[in-house]
Amino acid sequence: MGIKNLMKLIQASAPAAVKEITLKELLGRKVAIDASMTIYSFLVAVRSSSDGAPSANLTNEAGEVTSHLQGIFSRTIRLMEHGVRPVYVFDGKPPTLKSGELAKRKEAKEKAKIDLEAAQARIAAAGEDDAEAAKEAVAEAEKLAKRTVHMQGSHQEEAKHLLRLMGVPVVEAPCEAEAQCAALAKAGVVWAAATEDMDTLCFGTPRLLRRLTFSEARKLPVWEISLPKLLADLGLSMDQFVDVCILCGCDYLEPLKGIGPVKALERVRKHGDLAAVIEALREEGKVPVPEGYPIDEALRLFHEADITDPETLRGDIKWTAPDEAGLVEYLVDQKGFNADRVRNAIERLKKARAKGGQKRMDSFFTMGAKAKAAPAAKKGAAKPKSAAAKPARRTSASVKAGAAAAAAAAAAAASSAGTASPVAAEPSGAVVAAPSTGPASPAATPAEGPAGRSAPEAAATPAPVFFAASRPKPAASKRSSEDMDSAETSKAKRAK
DNA sequence: ACTCTGTCTCCAGACGAT
DNA sequence: TGAGACAGAGT
DNA sequence: ATCGTCC
C-alpha cells in the first residue's frame, strides 16, 4: 500500500524533510489517525496463544473478537496522556480504480486461507507422535492466520462506538480515510496526519507523522515528514510530486516495468509532468506503457479526492468527557473486560483529557504576538506567499520552467508552514497554507448523501485491466512458493 | 556503476509483574 | 503489507 | 530487560 519506495526516495533525495520529534512537540496537538489501518494492525498483533495452538485474537465469552477494542482503548489513552488529541478517521467506499488492488489482496487472502487449512490438517495429522512436524505446522499456521485477518464492518462500528464513549472524535470519510486525514491537516483542523501510509502526502497533508505508536521510550522515535520541505528539496511542485508518486507505483495504478523512484523523479524533472513523461516513454518505446493506461483517473483521485469539507467538521471535532457508565457497560458487561482495569483506565483518560486540553505554551506566545504586533506582520507574511504560489499551480499542461518557480514557492511555503518553527497557532489559527496544490478546495462532497451515492455494490464496476487480477504464477519456485505472495493489506476494507 | 527486480526473512500492541 | 538485505539482470 | 497476560 502506499507509494512504492517513496520513503527510500525521500531518504536519498530529501532527507531533511524527515525530522525526529519528541513527544513534547505533540503536546496539545490534534492529529488525524487512519482508523482502519489502526484496527487492522491490532487485529494482527494483539493475540494470545494457548499452549501449542496457533495464536488467536482476544475474545469475550461469546467469542466476539476484542483485540481491536483493547488496542484502541489503551493506545488512545496513552496518546492522550502525552497531550495528543487524536481524531479517528474511518474509511468509506474505496474508489473503483482501487478495485484491482483490492481484488489482488482478496485473492491472496483466499490463498492464505487454503494454505492455512492445509497447515491445520497437518497439525492434526502430526498429532502426538511427531512433535517436530506439529510444531512446524503450528508455526506456519500462525503466519498464515495473520494473513487471513480480515476486518469487518462490525469491527469498525465497535471501534466507533468505543471512541464515542471515550469522548474522542470520529470522522467518517466518504471514501479514503487518508484523503480525509490530509484534508483535515491541510485545512488546519488538525496539526498533522498520523499514518504509515505515504499516500497521505499525495493527498496534500503538510505534515505526516510516522510511527506514532510509542510504547514509551523504548520504541522508535516519531518521524515528522514535512511536505513543503519535501517539495522544496526535491525541487518539485505539488502536482509534480504526485506525478512522481504515481510513476513509482501507487494503489491505483500498476507501476511500469523499469521505472523506479530514481527514474520517476528524473523523468518528471525532465519532462515537466506525468502526461509528458508517458508520451516520451511511448515514443522511446523502451518501456512498455499499456494502452489506455489511466493516468488521468489516478491523477484525479489524488487531486480531487472525495472528501468531506473539513470546515464542516471543524466544529464537531471535540474531546468531551468520557461516558463512564457507558464504557463500563460496553467494555465490562458486553465485552468481558476486567472491571478494575477499565475503571482505572477511565481515570487515566479523564486526567489525560485535561492535559491535552491545555493550550500549548507557544500558542500563547504566537497569539500574544499577533494581538500586538500582528496585523501588519501577518498580512506581510501571507500575501507574498500566495502570490508566489499562484504561478506554480495548474502544472498539468506544460510548465517546464515552472519547476524553478515551483521550488521557490514550495520553499516559501516551507518557511511559513515549516517544521522549523514550533509554529502553528493550532487552536483555530488555520495556518499552513497548503502548498501549491491544484485548484482551490477539493470538491467538497456532501458527506453522505443517502440518496446520492447510494448504488452500493452497483458501482462495483469490473476492475480495470491494469491489475492482472490473477497474475499467472510462474510455476517455477519450489518450497513455499504458495505463500510467497502475501495477502491482505493493512487496509482491508470490509469487502466480502 | 547505477537502477530496478525478484527472493528471502522478520515483523507487526500494550501492560504489569518479576 | 512492509521494509531491509542480498543476488542478479538490464542499462 | 524479559515474559506472561489482556479478553
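This one's a predicted model, so the numbers in the text were calculated from it and none came from an experiment. Just so we're on the same page: letters track the sequence lines, and every chain starts at 1. Scope of the values below: all heavy atoms of this structure, side chains included, with no hydrogens, waters or symmetry mates.
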Check: To the nearest angstrom, how far is A:L212 atom CG from B:dG13 atom C1'?
Finding: 14 Å
Notebook entry, point to check: Who are the ring pair (Phe, Tyr, Trp, His ring centres under 6.0 Å) partners of A:F42, not counting sequence neighbours?
Noted result: none
Note to self: Using a 4.0 Å heavy-atom cut-off, does A:N57 contact any base of the nucleic acid, only the sugar-phosphate backbone, or nothing at all?
What the structure shows: nothing
Notebook entry, point to check: B:dG13 C1' sits how many Å from A:E196 CD, rounded?
Noted result: 13 Å
Margin query: Using a 4.0 Å heavy-atom cut-off, does A:G71 contact any base of the nucleic acid, only the sugar-phosphate backbone, or nothing at all?
Written below: nothing
Next item on the list: Could you please name the option among C:dA3, B:dG13, D:dC7 that lies closest to any side-chain atom of A:N338?
Entry: D:dC7
Next item on the list: Provide, to the nearest angstrom, the distance between the NZ atom belonging to A:K335 and the C1' atom belonging to D:dC6.
Entry: 16 Å
Checklist line | Sidechain-backbone polar pair: A:D34 side chain, A:E178 backbone, donor-acceptor under 3.5 Å | finding: no
Check: Looking at B:dC15, B:dC4, B:dG16, which one has an atom nearest to any side-chain atom of A:N344?
Finding: B:dG16
Notebook entry, point to check: With a 4.0 Å cut-off on heavy atoms, is A:K257 in touch with a base, just the backbone sugar-phosphate, or nothing at all?
Noted result: sugar-phosphate
Notebook entry, point to check: So does A:R211 get a side-chain nitrogen or oxygen closer than 4.0 Å to the phosphate oxygens (OP1/OP2) of B:dG13?
Noted result: no
Item checked: Separation of B:dC15 P from A:E347 CD (nearest whole Å) -> 17 Å
Note to self: At less than 4.0 Å, is any side-chain N or O atom of A:R47 found next to OP1 or OP2 of D:dC6? Yes or no.
What the structure shows: no
Item checked: Side-chain donor/acceptor contact of A:Q70 with base of D:dC6 under 3.5 Å -> yes
Next item on the list: Check every atom of D:dC7, B:dT3, B:dA14 against the side chain of A:V262 and return the nucleotide holding the closest atom.
Entry: B:dT3
Notebook entry, point to check: Separation of A:N5 atom CG from B:dC4 atom C1', in whole Å?
Noted result: 9 Å
Checklist line | Candidates B:dA12, D:dC7, B:dA14 - which lies nearest the side chain of A:S74 | finding: B:dA14
Notebook entry, point to check: Would you call A:K263-A:E266 a salt bridge at under 4.0 Å N-O?
Noted result: no
Next item on the list: Check every atom of D:dC7, C:dA3, B:dC4 against the side chain of A:K263 and return the nucleotide holding the closest atom.
Entry: B:dC4
Checklist line | Length of the line joining A:L69:CG and B:dG13:P, which is rounded to integer Å | finding: 17 Å
Next item on the list: Assign A:V46 to base, sugar-phosphate, or nothing according to its heavy-atom contacts below 4.0 angstrom with the strands shown.
Entry: base
Item checked: A:S48 side chain, from C-beta outward: closest of B:dT3, B:dC15, D:dC6 -> D:dC6
Checklist line | B:dC11 - base-pair partner by Watson-Crick or wobble geometry, distances under 3.5 Å | finding: none
Notebook entry, point to check: Of the nucleotides B:dG16, B:dC4, C:dA3, which one has an atom closest to the side chain of A:R341?
Noted result: B:dG16
Notebook entry, point to check: CD of A:E61 versus C1' of D:dC6: gap in Å, rounded?
Noted result: 14 Å
Margin query: So A:T59, base contact, sugar-phosphate only, or nothing? Heavy-atom distance under 4.0 Å.
Written below: base
Notebook entry, point to check: Does a sphere of radius 6.0 Å around CD in A:E61 hold more than 12 heavy atoms from other residues, nucleotides or ligands, not counting ones at 6.0 Å or beyond?
Noted result: no
Next item on the list: Figure out the NZ/P separation between A:K8 and C:dA3, and round it to whole Å.
Entry: 10 Å
Next item on the list: Would you please classify the geometry between the A:F203 ring and the A:F302 ring as parallel, tilted or perpendicular, with 30° and 60° separating the classes?
Entry: tilted
Item checked: Gap in Å between the two P atoms, one belonging to C:dG4 and one to B:dG13, rounded -> 15 Å
Checklist line | Pairs flagged by salt bridge (charged side-chain N to carboxylate O under 4.0 Å, His left out) wherever residues 343-352 of chain A is involved - sequence neighbours left out | finding: A:E81-A:R348, A:E324-A:K350, A:E347-A:K350
Note to self: When the P atoms of D:dT2 and B:dC11 are compared, how many Å lie between them, rounded to an integer?
What the structure shows: 13 Å
